[in-house]
A.B. asks: 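My structure is below; once you've seen it, I'll send some questions.
Convention: sequence-line order gives letters A, B, ...; per-chain numbering from 1.
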Protein chains: 2
Amino acid sequence: MSQLEEVLYTPGAFGLLRGHRLGRIAVLLVAVVALAGGVAYITPASGQPDEKPAPIFVDKIPDGYRDWKLISVAHEEGDLNSLGAILGNDVAIKAYREGKLPYPDGTIIAALHWRHAPSEENNKIFGRRQSFVAGSPTNVQFMVKDSKKYASTGGWGFGHFNGRDGKKSGDAALLKTCFPCHQKAKDRDLVFTRYAP
Amino acid sequence: MSQLEEVLYTPGAFGLLRGHRLGRIAVLLVAVVALAGGVAYITPASGQPDEKPAPIFVDKIPDGYRDWKLISVAHEEGDLNSLGAILGNDVAIKAYREGKLPYPDGTIIAALHWRHAPSEENNKIFGRRQSFVAGSPTNVQFMVKDSKKYASTGGWGFGHFNGRDGKKSGDAALLKTCFPCHQKAKDRDLVFTRYAP
């Protein structure tokens with residue numbers, strides 16, 4: 001991963017939508033740099049071709065994730081404008097509650113996102129505009145721990161699925177932005193969300 | 001319930017903190033009205049004393065609620081400044097998913113609230129202030145359906161517990177504000193929260 005890519009592929013936690021846009025710009029800029037500056041970026045100093053395996057992504061929605069236990073909730077302002085619930089399978093919840101790091105193989109974390117929608121019906125009862133609820137579902141994202149399968153991305157597989165219909169976003173440029181950003185939480189095994197009591 | 005009380009006891013969904021303050025004012029004003037205007041407010045037209053039983057509240061935190069499934073998430077601005085997760089026991093989740101109304105006896109809905117806290121660590125990665133997470137826990141509230149036990153409050157028992165330490169708020173004036181407000185969602189069996197897919 002070049003430094004240039006690392007800077008450009010920085011969407012932030014749950015910032016994949018923004019990352020998507022930046023991802024395209026990054027691809028373009030990397031191409032320009034490669035053309036203008038030779039191939040220094042794509043061959044390592046040893047002169048051997050870069051043999052780092054291409055990252056593998058989560059390509060199927062894990063069964064039953066909507067029934068998993070709650071890790072925490074989140075709200076993103078700005079372009080994302082989302083309310084989120086972060087759920088974990090039993091392996092994830094156990095590791096979280098025991099403060100166990102790194103997360104063991106089998107851990108799956110799901111981040112469900114909805115539009116951060118004002119609730120007119122609640123506001124009417126409140127008598128003021130202060131209530132926001134889960135609006136239309138925007139996406140669900142997964143982190144799956146499998147230290148062998150996902151060895152090239154810190155042991156984590158990343159997945160992003162639009163809406164709730166199970167359709168994969170199918171965009172490698174988008175999914176490529178996950179790992180460089182989550183790497184910034186290295187001290188927590190790449191997981192941003194903390195457990196909410 | 002007099003009209004005066006109904007107006008004064010209107011805290012809104014999860015507006016119990018505000019309701020608390022209003023509750024005290026209401027009690028005071030009702031007393032003043034009773035003294036100044038006679039007993040018209042406390043005896044019905046029939047001349048019989050008002051025999052409506054005093055409401056019964058949920059006085060114990062239901063076991064295992066933190067492991068329940070997610071119904072939805074919520075964000076309240078203003079004085080409440082809270083992020084919330086609404087969880088349901090199996091009876092609740094089944095009724096929600098089947099769209100079954102009224103909720104059957106045995107339904108329990110839990111609303112966990114935390115401060116709506118900016119996440120400095122996420123914002124640093126985003127490069128802008130946009131990320132909010134669950135801060136310190138403020139309270140957990142319950143609605144328990146038991147059409148006999150809680151007959152005087154629409155079949156629902158209401159409970160409010162500060163923090164996460166299991167200590168009851170213990171304040172009847174606060175808990176008295178729940179039912180009049182939830183009554184405004186009569187078409188949904190007094191439940192404000194809708195299921196989030």
A.B. asks: Measure across A/L83 and A/A134 and return the closest heavy-atom pair with its distance rounded to 0.1 Å.
C.D. replies: CD1-N, 4.0 Å
A.B. asks: In terms of heavy-atom pairs under 4.5 Å with chain B, which of A/L112, A/I93, A/V133, A/L70 leads?
C.D. replies: A/L70
A.B. asks: Could you give me the CA-CA distance, side-chain angles and deciding distance for B/I108 and B/K145, then say whether side-chain contact (heavy atoms from CB on, under 4.5 Å) is met?
C.D. replies: CA-CA 6 Å; B/I108 313 183; B/K145 190 70 178 276; over 6 Å; no
A.B. asks: Would you please classify the geometry between the B/H75 ring and the B/H116 ring as parallel, tilted or perpendicular, with 30° and 60° separating the classes?
C.D. replies: parallel
A.B. asks: Measuring heavy-atom distances to chain B, does A/R164 have an atom under 4.5 Å in its side chain, in its backbone, in both, or in neither?
C.D. replies: side chain
A.B. asks: Is chain A contacted by the side chain of B/R129, its backbone, both, or neither, given a heavy-atom distance below 4.5 Å?
C.D. replies: backbone
A.B. asks: Compute the ring centroids of A/F142 and A/F158, then answer whether they are less than 6.0 Å apart.
C.D. replies: no
A.B. asks: Below 4.5 Å from any heavy atom of chain A, which atoms of B/P137 appear? Answer side chain, backbone, both or neither.
C.D. replies: side chain
